[in-house]
There are 2 protein chains.
Amino acid sequence: MSRTDYPVYLQLRDRLWDWIETEELSSQQRLPSERELSERFHTTRVTIRQALSQLEAEGLIFRSNRRGWYITPERLRYDPSRDVGFNRYVTEQGFHPRTETLFKQLTEVPPWLSEISGLEVGTPIYHVFRRRYVDERGLLVEHNYINPAHCPGLLSESTDMSIWQMLREKYDLRPEHRDIEIYPLALKGLEAESLNVNQGAAGLYIQRLSFDQRGDFLELDREYWLHDALKIAVRIGDRH
Amino acid sequence: MSRTDYPVYLQLRDRLWDWIETEELSSQQRLPSERELSERFHTTRVTIRQALSQLEAEGLIFRSNRRGWYITPERLRYDPSRDVGFNRYVTEQGFHPRTETLFKQLTEVPPWLSEISGLEVGTPIYHVFRRRYVDERGLLVEHNYINPAHCPGLLSESTDMSIWQMLREKYDLRPEHRDIEIYPLALKGLEAESLNVNQGAAGLYIQRLSFDQRGDFLELDREYWLHDALKIAVRIGDRH
DNA sequence: AAGTGGTCTAGACCACGTG
DNA sequence: ACGTGGTCTAGACCACTTT
C-alpha cells in the first residue's frame, strides 16, 4: 500500500510550522504578508494560503479580517457547568478579560424561545448582546435572554460585568438545573462580523438554558466562540 | 455605513442552498460533479468549490474523499455524561449504528497517559481503536485505554459492542467521576484517513477520563468526531 | 477507460486597513 | 496612498474512484 504523495501545501505547512517555532513567534504576533511568504517559499499566493488555512484549522494561527495572520494564544479553559463569571475564570488563568455590550433591549419572546423556555410568545424579555475579549482578542459573542419577572430593572445595571453575579447578589437568583448544548458550527452574519472573522469561519456554539428551583425559566445564554479559543473541561459525578 | 459587496461565492452558496431545498435532496444523496455545477452556475471550479466549502463549514453538505459531495444527515444527539453505549443512543434516535475495531493491543502506558491517569509509565494497558458509523457514514474514531488490572482478558471479548456495558456487566465496574474535555480541532493523520476526510478537516475532540470509587484510573476515551456529526446535550444539576 | 475531486500556476482586480 | 488580504479567472496535471 503506497502512500499518496505529500502535497506541496502540506509541505509548506510543515515548513511554516518549523519557521514559526524557530523564530519563536509569540502569542498574537503577526506573520509576514502572504506575498512575502509566497516569495520566501517559492510558491504562489493561492498555495501559501492553503498552507496558512491548514494551520488556521489546526489552531496555530488565526486571521483578523483583512489585517493579516497572527499566532493563536493558548486556549482558554472553560467549564460551562460552573457558576463563575467570565471575568473571574479568565483572570484565574492569568489573562485579561474585557466585555463590551453591543446592545441591550427589552423585547418580546419569539416563538423559538417560547418553545424551549416555556414562556408565552410575546412575554417581555431582556435581550443583551455582548462581546468578550481575552487579552484584547475578541473570542466570543453572546446573546443573553433573561426573564424580567425575576429581575426587574436589570437593564439599568451595567451589563459589562457578570450577569450571573448580579442575578445572585442583587436578586438572589440561582439556577437549579441547566440544559447545555454544544456543537461546532460556522460563524455567520452578525456573529462573524462582530468577531472580525470571515463568513463561514469555524466556531463553537454553547447554549445554556437555566431554570430555578420551581422549574421556571431564568435565563438563556447563546455563545458563539472562535473554534481555536477554548477548551471545555467539566468534571461530572463528583459530589462536594 | 455601506455594506461590503456580496461576493460571488456567497451568492452561489445561497443559490446552491435553494437548489438543494427545491430538489429536496435527502440525507447522504450525492450532488452533481463540480464541473457540472460550475457550468450550471456559470462560474469556475475554484469558485464553486469555495461555495461548496462554505456549505460544508455550515454542515449542510459533506465530502467523502475524492468521491464527491453529499447531503449531511441530521446531527446525532450525544450526552457524554451518561453511561449509555453508542449503539443504544443511536438506536434510540432511529438510526443504525455500526462499530468497527481497527486494532486492539496490549501495550505500555506512555508518559502522557501516565500524567493524566496516575499509572506508572510502562504499566500494561489495553488500547482499542475503533470506528463508529451511523447509517453507514463513519462519524468518529475512538481510542480507548483501559486498565487491565480491573478487567483481565478484556481483549479476548468482542470490542464491537459497548465497552462500558461489558465493564459493567462482566467486571462490575462503574465510573465514580469523570473528567471531560471538549474542543474543536483539525482532523489529521490517522484520524483523518480513517474517516475518509481531508487532512485538516474540522472535527470535535471529546475526551473522557474515568475513575472508580477508590479514585483509581478506569478508562480513557479519546473521540474524534466529524464537526457536523453531533450535538452535545447535557443536563446539569438535576438530582434524580 | 472515463470521469472525478485534489492540487497547482500565474496572473488579475477590488475593498479595506493602516500609515 | 499604499499594501494587504479577499476574490476570481482560465487553464493544467495527477491520483484516485467508478464504470
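All values reported here derive from a predicted model rather than from experimental measurement. In the text below, chain A, chain B and the rest are named by the order of the sequence lines, each starting its count at 1.
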(request) To the nearest Å, give me how far apart CZ (A/Arg67) and P (C/dT18) are. (result) 5 Å
(request) Please name all residues satisfying side chain to side chain donor-acceptor pair (under 3.5 Å) with A/Ser26, sequence neighbours left out, ordered by chain then number. (result) A/Gln29
(message) Can you tell me how the ring of A/His127 sits relative to the ring of A/Phe103, calling it parallel under 30°, perpendicular over 60° and tilted otherwise?
(response) perpendicular
(request) Please figure out whether A/Asn196 or B/Gly68 has its closest DNA chain C nucleotide nearer the 5' end. (result) B/Gly68
(request) For B/Asp179, enumerate each residue passing the side-chain contact (heavy atoms from CB on, under 4.5 Å) test, keeping only those at least two apart in sequence or located in another chain. (result) A/Arg235, B/Leu209, B/Phe211
(request) Take the protein atom OH of B/Tyr70 and the nucleotide atom C1' of C/dT4, then report the distance between them rounded to whole Å. (result) 10 Å
(message) Let's see if you get this right: which residues in residues 51-58 of chain B place a heavy atom under 4.0 Å from DNA chain D?
(response) none
(message) Among residues at least two apart in sequence or on other chains, which ones pass side-chain contact (heavy atoms from CB on, under 4.5 Å) with A/Thr47?
(response) A/Val8, A/Tyr9, A/Leu12, A/Thr43, A/Thr44
(message) Can you pull out every salt bridge (charged side-chain N to carboxylate O under 4.0 Å, His left out) where at least one residue sits in residues 46-61 of chain B? Sequence neighbours excluded, please.
(response) A/Lys188-B/Glu58, B/Arg13-B/Glu58, B/Glu34-B/Arg49, B/Glu56-B/Arg63
(message) Expressed as a whole number of angstroms, how long is the span from A/Glu39:CD to D/dG3:P?
(response) 13 Å
(request) Hey, can you tell me if B/Tyr145 and B/His143 have their rings parallel, tilted or perpendicular (30° and 60° cut-offs)? (result) parallel
(request) Answer with yes or no whether the side chains of A/Tyr224 and A/Arg222 bring together a donor and an acceptor at under 3.5 Å. (result) no
(message) Donor-acceptor check, side chain of B/Thr72 to backbone of B/Gly59, threshold 3.5 angstrom: yes or no?
(response) yes
(request) Determine which pairs satisfy ring-ring contact (aromatic ring centres under 6.0 Å, His included) with at least one residue from residues 29-68 of chain B, sequence neighbours left out, and list them in order. (result) B/Phe62-B/Tyr70
(request) Could you pull out all residues at least two apart from B/Ser33 that satisfy side-chain contact (heavy atoms from CB on, under 4.5 Å)? (result) B/Arg35, B/Glu36
(message) Does either side chain, that of B/Glu181 or that of B/Tyr183, offer a donor lying less than 3.5 Å from an acceptor on the other one?
(response) no
(message) Counting only heavy atoms and a strict 4.0 angstrom limit, can you tell me which residues of residues 28-36 of chain B come near DNA chain C?
(response) B/Arg30, B/Ser33, B/Glu34, B/Arg35
Strictly under 3.5 Å: I want the nitrogen or oxygen pairs between protein and nucleotides 7-9 of chain D, one per line.
| residue | atom | partner | partner atom | Å |
| --- | --- | --- | --- | --- |
| D/dT7 | OP1 | B/Tyr9 | OH | 2.9 |
| D/dC8 | OP1 | B/Val8 | N | 2.2 |
| D/dC8 | OP2 | B/Tyr9 | N | 3.1 |
| D/dT9 | OP2 | B/Thr43 | OG1 | 3.1 |
| D/dT9 | OP2 | B/Thr44 | OG1 | 3.0 |
| D/dT9 | OP2 | B/Thr47 | OG1 | 2.6 |

(request) Could you tell me which residues satisfy side-chain contact (heavy atoms from CB on, under 4.5 Å) with A/Asp135, sequence neighbours excluded, listed by chain and number? (result) A/Gln28, A/Phe95, A/His96
(request) Return the set of residues passing ring-ring contact (aromatic ring centres under 6.0 Å, His included) with B/Trp225 (not counting sequence neighbours), or none when no residue passes. (result) B/Tyr78
(request) Compute the angle between the rotation axes at the two ends of the helix from C/dA1-D/dT18 to C/dT18-D/dA1, each taken over five pairs, rounded to 10 degrees. (result) 10°
